[in-house]
2 protein chains.
Amino acid sequence: MRPREGNGASREPRRVTSFDVARAAGVSRAAVSRAFTPDASVSEKTRQKVYQAAKELGYRVNYLARSLTNKRSDFVGLVAAGLDNPFRTQQLEHLARALIARNYRPILLPTSKEADSATVIGQLLHYAVSGVIITSDAPPSHIFEECAAEGVPIVLINKGEDFPFVDRVVSDDRMSGYIAADHLLEAGAKRLAVVAGAAVSYSSRRRAEAFLARCQMLGIEAPLVPVAINDYRHGHDAAPALVDLGIDGVFCVNDYMACGVLDGLAKAGRGGGAVRVVGHDDIPQASWSAYELTTFLQPCDVQAEQVIDLLVSRISEPDAVARVEFTPVTLIKRRSA
Amino acid sequence: MRPREGNGASREPRRVTSFDVARAAGVSRAAVSRAFTPDASVSEKTRQKVYQAAKELGYRVNYLARSLTNKRSDFVGLVAAGLDNPFRTQQLEHLARALIARNYRPILLPTSKEADSATVIGQLLHYAVSGVIITSDAPPSHIFEECAAEGVPIVLINKGEDFPFVDRVVSDDRMSGYIAADHLLEAGAKRLAVVAGAAVSYSSRRRAEAFLARCQMLGIEAPLVPVAINDYRHGHDAAPALVDLGIDGVFCVNDYMACGVLDGLAKAGRGGGAVRVVGHDDIPQASWSAYELTTFLQPCDVQAEQVIDLLVSRISEPDAVARVEFTPVTLIKRRSA
DNA sequence: CTGTTAGCGCTTTCAT
DNA sequence: ATGAAAGCGCTAACAG
């Protein structure tokens, strides 16, 4: 059945294997393998013969076959949610680039109701992935166990301490909450508030808590205006409540929502700086001139490096104690506050 | 060396294989394989025995090993650029979801100067991918040949007809350019212009050409205001030129840039509807109340389906003639025009 | 329907 | 430094 020779109409283009290269180069398959393995023991002469033959034949190592023996592929799962928030996109892009820069391949897995993180990570386990990076909601705990059983490390981004046994990278939320309050006061605000989806995310909650703690420390009464989701629409719709409360300084736990708040305030006739607004993340829109939002830069490039560092050290030392890295934040002052 | 039994301190958690399941279920490895292969010939009884044993042992098929025999993995490369444009993000997310829904796994490959599409696609060829989807710039032609040689199908999104032998999905750019002109005139504009990075992208160019063609057809003189890149910043900076030309109706070839134009016009004192603006793509920001941009919805959900359809039919019929699918556009009327 | 056998393409001992 | 041989986990072909 299996035709060795193409006959013109044949499908299944015959792939070039290490065997072909070995024969062409007059060496063994082992030699070919070594030639393509970093710091393997091959003479420069052999290596060149192999490279030469490989180029002529158009040979490429089959990494899938390689990972069969290695017990581990160079894939890393990237589990993401909320990509409508431009910050999540930035984060994703930086993570993907950082992974590729270190010779891993990111498998993109957006989550949703149908494809919750548990299901999606279960799928990943079929590919002997080197690790899983989670920016979406934290998965149920049985997932951690399954991954541990298979020796697959997990890194959580901006997730809570309910997972003391998992490596995490978290934004310095206490710092931003704290500084946000100070900055709004310096800018002349008298009546502060924070807008946040409390149940919704760890970072969101922590930023709000830190903000309120700082207010209390300063003897200031400041309400938490709750929203269901930290997005543009909910920010927009929360504006009237802020106006009713007579607020003139508001911290939004992310920029995506802050843009909505600014637009909502404008509609309510309280735009143009009447209410000072501070956001978080420094998404591209924050610097758009319709907003010029004062915000906290959460540097996703350094964050991505932190994540990959955690991942690779976990791979090399599977039993090391779990670590937490903090991503520093920087206040970016613009017109909105 | 290789320890078969864990001794407590041992690494390399021993993975469960089909052999273990076969033994536990009292069947052959082939039976196990069949139990996990859709429409394979197994009795329900055997299948259940296998599932039972598999569950108890925590067995998962190793898809990497599977694709070694199948000669093809279920990975699909997703080559993307310009993810700062929210439309590209939407596109990406829809593609990823659509792939996953059909049991493919997207490998995310953002391109840039360091990682150009050629390099990146070359990498993909090591993974026996089922296909490559390209939303970034079209790769050099030798890539098409290499992929063809390996039997890896490519689908191009919004790329030109310089590639008649490749499957493509393109937005109905002629339609949007045409309608944009009509709509601006209906809205009362007298002096039209189009802002576009002509060299930059196929869709960009086509939309602009169609717009200008329609103007000419109607006997209207309309300039093309060129920009280097179709992004917010360049749109913003192009606004003064529009004002100087006395333009009161402008078509921006994408929303991302249109937002910049609107902000730029506002800064130049020509905001608030003095100049009618039509964008393209219907990104989330288009409906933000700071913009309320009239635009063309480019439905990435249907586009994604078109792409995957093209991909799977190409996989099953590698020698079929190349196809082009058009994604329909819909005018969304908002305040800006 | 089921088991046996022979690989898929690569890496890795183990000798030499 | 190199080659022979065994094997990673799975599936397809062939008998029965």
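Residue numbering restarts at 1 for every chain, and letters A, B, ... go by the order of the sequence lines.
Contact check, A/S33 against C/dT11: a side-chain N or O comes under 4.0 Å of OP1 or OP2. Checking the phosphate oxygens (OP1, OP2) of D/dG9, a side-chain nitrogen or oxygen of A/K71 falls inside 4.0 Å. Contact annotation: A/R29 side-chain N/O to C/dC10 OP1/OP2 distance is not under 4.0 Å.
Closest-nucleotide positions on DNA chain C for B/G26 and A/A65 were compared, and the one nearer the 5' end corresponds to B/G26. Projected onto DNA chain D by closest heavy-atom contact, A/A31 and B/S67 fall at different nucleotides, the more 5' of which corresponds to A/A31. Projected onto DNA chain D by closest heavy-atom contact, B/A30 and B/L68 fall at different nucleotides, the more 5' of which corresponds to B/L68. Heavy-atom distances to DNA chain C give each of B/K45 and A/R66 a nearest nucleotide, and the one nearer the 5′ end belongs to B/K45.
For A/R60 against C/dG9, no side-chain N or O and base N or O form a donor-acceptor pair under 3.5 Å.
For B/T69, the listed nucleotide lying nearest its side chain is C/dG7; candidates were D/dA4, C/dG9, C/dG7.
For the pair B/Q306 (side chain) and B/F326 (backbone), a donor-acceptor distance under 3.5 Å is present.
Close placement of the B/Y59 and B/F36 rings is indicated, their centers lying within 6.0 Å of each other.
Residue A/Y63 contributes atom OH, which lies 9 Å from atom P of C/dT11 at whole-angstrom precision. Distance, B/K49 NZ to C/dC1 C1': 12 Å, rounded to whole Å. Between the CZ atom of A/R34 and the P atom of D/dA4 there is a distance of 11 Å, given to the nearest Å. In this structure, B/L64 places its CG atom 15 Å from P of C/dG9, rounding to the nearest Å. Separating the CG atom of A/N70 from the C1' atom of C/dG9 is a distance of 12 Å, rounded to the nearest angstrom. Atom C1' of nucleotide D/dT2 and atom CZ of A/R47 are separated by 14 Å, given to the nearest angstrom. Between B/F19 atom CZ and C/dT4 atom P there is a gap of 11 Å when expressed in whole angstrom units. Rounded to an integer number of Å, the gap from B/N62 CG to C/dG9 P is 16 Å.
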Show, in sequence, the C-alpha distance, side-chain angles and deciding distance for B/Y127 and A/Y63, and conclude whether the ring pair (Phe, Tyr, Trp, His ring centres under 6.0 Å) test is met. CA-CA 6 Å; B/Y127 299 93; A/Y63 288 162; 5.2 Å; yes

Start with the C-alpha gap between B/D309 and B/R102, add the side-chain angles, then the distance that decides, and say whether side-chain contact (heavy atoms from CB on, under 4.5 Å) holds. CA-CA 10 Å; B/D309 282 343; B/R102 306 228 199 165; 2.7 Å; yes

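Among the atoms of the strands shown, only primed sugar atoms or phosphate atoms (P, OP1, OP2) are found under 4.0 Å from some heavy atom of B/S43. Using a 4.0 Å heavy-atom distance criterion, B/S41 is classed as a base contact. Backbone-only engagement by A/T46 is indicated by non-hydrogen atom pairs under 4.0 Å involving sugar-phosphate atoms exclusively. Heavy atoms of A/V61 sit under 4.0 angstrom from primed sugar atoms or phosphate atoms, though from no base atom. Counting any heavy atom pair closer than 4.0 Å across all strands shown, A/Y59 reaches sugar-phosphate atoms only and no base atom. Among the heavy atoms of the strands lying under 4.0 Å from A/V27 are primed sugar atoms or P, OP1, OP2 only; no base atom is included.
Side-chain contact of B/Q48 with B/Q52: a donor-acceptor pair under 3.5 Å is absent, judged by distance alone. A donor-acceptor pair shorter than 3.5 Å cannot be found between the side chains of B/Q90 and B/H94.
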